[in-house]
Amino acid sequence: MADDFATVAVAQPSSLNSTTDQRRRVAFETAPRAFADRADRGVEILSRWAGIGTFAAAVAAIGSLIF
């Protein structure tokens, strides 16, 4: 998550010229993503669902102990 913020902070142009800023922003947004970036998104989704599954399993285990 911190890496996302660092990338955005570095990607901001420092000049005050709005035309130059727009060109830089468009060039940055349309640049092809690296394989590592695409793989990272898949890992994030898998991790999110694994966390949800683990939480549900923990709640079920606690529920089975109580009842």
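- Contacts of I45 classified as side-chain contact (heavy atoms from CB on, under 4.5 Å), with partners at least two apart in sequence or in another chain: R41, W49.
- In this structure, L65 stands alone, with no Ile, Leu, Val, Met, Phe, Trp or Tyr side-chain heavy atom under 4.5 Å from its own, directly or through other members.
- Neither I66 nor V59 shares a network with the other; the hydrophobic side chains, linked directly or stepwise wherever heavy atoms of I, L, V, M, F, W or Y lie under 4.5 Å apart, form separate groups for each.
- Considering only residues two or more places apart in sequence or on other chains, R48 meets the salt bridge (Lys or Arg N to Asp or Glu O under 4.0 Å) condition with none of them.
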